[in-house]
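Report on the following structure.
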Protein chains: 2
Amino acid sequence: MTGGGQLVLLVEDEAAMRRFLRASLQAQGFRLVEAATVREALIAVATHNPDLVLLDLGLPDGDGIALTRTIREGSRVPILVVSARGRESDKVEALDAGADDYLTKPFGMNELLARMRVAFRHHGAERGERAPVVEVGELHLDLERRQVVVAGTEVHLTPIEYKILALLGRNVGKLLTHQQILEEVWGPAYATHTHYVRVHMAELRKKIERDPARPRILVTEPGVGYRLRDRDDAARG
Amino acid sequence: MTGGGQLVLLVEDEAAMRRFLRASLQAQGFRLVEAATVREALIAVATHNPDLVLLDLGLPDGDGIALTRTIREGSRVPILVVSARGRESDKVEALDAGADDYLTKPFGMNELLARMRVAFRHHGAERGERAPVVEVGELHLDLERRQVVVAGTEVHLTPIEYKILALLGRNVGKLLTHQQILEEVWGPAYATHTHYVRVHMAELRKKIERDPARPRILVTEPGVGYRLRDRDDAARG
DNA sequence: GCCGGGCATCAAGAAACCATCAAGATGCCG
DNA sequence: CGGCATCTTGATGGTTTCTTGATGCCCGGC
């Protein structure tokens, strides 16, 4: 989500319709880019990288279906077609060309907005949550794949070890108390079993620290807890 | 082997309409499961794990919108609503409840099929069906042609074995939990039958691992799940 | 120098988990 | 109806992981 709302590319040649859609969409908080021709539309897709394309099929300088195909060659942006043509074959053609939905004019603004929400939902899910990867020194922690690589070699962690490391990784640089770690990993009932953390931290260090006796990544904060370094500051000898 | 086409759950109480849709969809190569009530529909989703739900809103024993919400709580299966009600508010409500598309009766079969193709396209992309061919070691998995080749020889997998391998293949390198595998392959109702996964994983390994006792491709992550290796680190015994 | 608290490490047993075999159950095909 | 492929389910033995207790280190206070 960008600061001022999602960016919609409106491809429509008729001025009145464009004014109407512009007003309605802006009222909903969308940002807008507009194009009146196939040429303009292609340029706009390339330069603005919109979050959704709202495409009227009846353009003066070319075929909206072909435009859909061309956009699809280089982008997965949701394309929502709006058209006065209501023939079934038109719909099938547009949808098979890569459009994600097809509305026949006249349509209600609420339905258009609902279908836009569906498109955003799909596209959001498709892109998924940004794959969070944490890198500290030679440690490479991929939270999405649940994979840990140290110095180029994959390392196997037990469930508890991974939970601890993932917790620290999601809070790189921050200090976590024994209690916080215990509650997150074992559950609130274990908040006093400080020893558990020590044992598993030792195992973890054996696996990811170059010299477990002198931790550079998983550092102890005496009397408080542990912390995952966010930079690999050059350490002393 | 019935495993050919995609499985569609048809939720429709009116007998005539059901006959018509059944005939049309089967002619297109889809496999069908049918439900006439909300209750039946929920059971069918949980037990048959369909690839798409075709839902008529006018059910006798309850609300189709509520059914949509309930399905969405446990599954991301595409839901395509078909309804005699054409009011805009009905559409908005259904789409916001989690439906992926909304067709008003009467509709053309070709449009329905085109919209189903869109739904499959979305769902496939969402699950990451980007790379149609996955290669790990001597395993060659072609997701598009549904073909598995090991060391140059084609290998036959049962439907469940293939589903598991395809799921892991679409997520190469990513660790999938027992639960994720069970829900994707068997359906939401089977999330606790961990043993199923073990048995079929053993069969899979017999077929695609050089030494099934020392898996290099289908690796176990004890306490969590399984993973399809993406890098081929030389593993020692 | 001696003591005590917090910490790291080791190791053994318990518990949880996994692989595998095989016998029934099921569904599909002719 | 019988044969075939597949899936479910139970039983068994092996493996990994977790817990728990024992031991020794570091460091500051006294």
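Here is the naming used below: chain letters follow the sequence lines, and residue numbers restart at 1 for every chain.
Between the side chains of A:R87 and A:T104, no donor-acceptor pair is found at a separation under 3.5 Å.
Atom P of nucleotide D:dT17 and atom CE of A:M201 are separated by 18 Å, given to the nearest angstrom. In this structure, the CG atom of A:L204 is 13 Å from the P atom of D:dT17, given to the nearest Å. With rounding to whole Å, A:L157 atom CG is found 16 Å from D:dT16 atom P.
The side chain of B:K163 places no N or O atom within less than 4.0 Å of a non-bridging phosphate oxygen (OP1 or OP2) of D:dC7. At the phosphate of D:dT19, OP1 or OP2 sits under 4.0 Å from a side-chain N or O atom of A:W186. Of the side-chain N and O atoms in A:Y196, one or more sit less than 4.0 angstrom from OP1 or OP2 of D:dT20.
Place B:Y190 and A:H156 on DNA chain D by their nearest nucleotides, and B:Y190 ends up nearer the 5' end.
Of all non-hydrogen atoms in B:L54 and B:L25, the two that sit nearest each other are CD2-CD1, 4.0 Å.
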N/O to N/O distances under 3.5 Å, protein versus nucleotides 13-18 of chain C:
from, atom 1, to, atom 2, distance (Å)
C:dC17, O3', B:G223, N, 3.3
C:dC18, OP1, B:G223, N, 2.7
C:dC18, OP2, B:R198, NH2, 2.2

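The side chain of B:H195 approaches C:dA19 more closely than any other nucleotide in the set C:dA19, D:dT8, C:dT9. Taking only side-chain atoms of A:V199, from C-beta outward, the nucleotide of D:dT20, D:dT17, D:dT8 with the closest atom is D:dT20. Counting only heavy atoms from C-beta on, B:T158 has its side chain closest to D:dC7 among D:dC7, D:dT19, C:dC21. The nucleotide whose nearest atom lies closest to any side-chain atom of A:H193 is, among C:dC21, D:dC18, D:dT20, D:dT20.
Ring to ring, B:F120 and B:H123 are not that close: their centroids are 6.0 angstrom or more apart.
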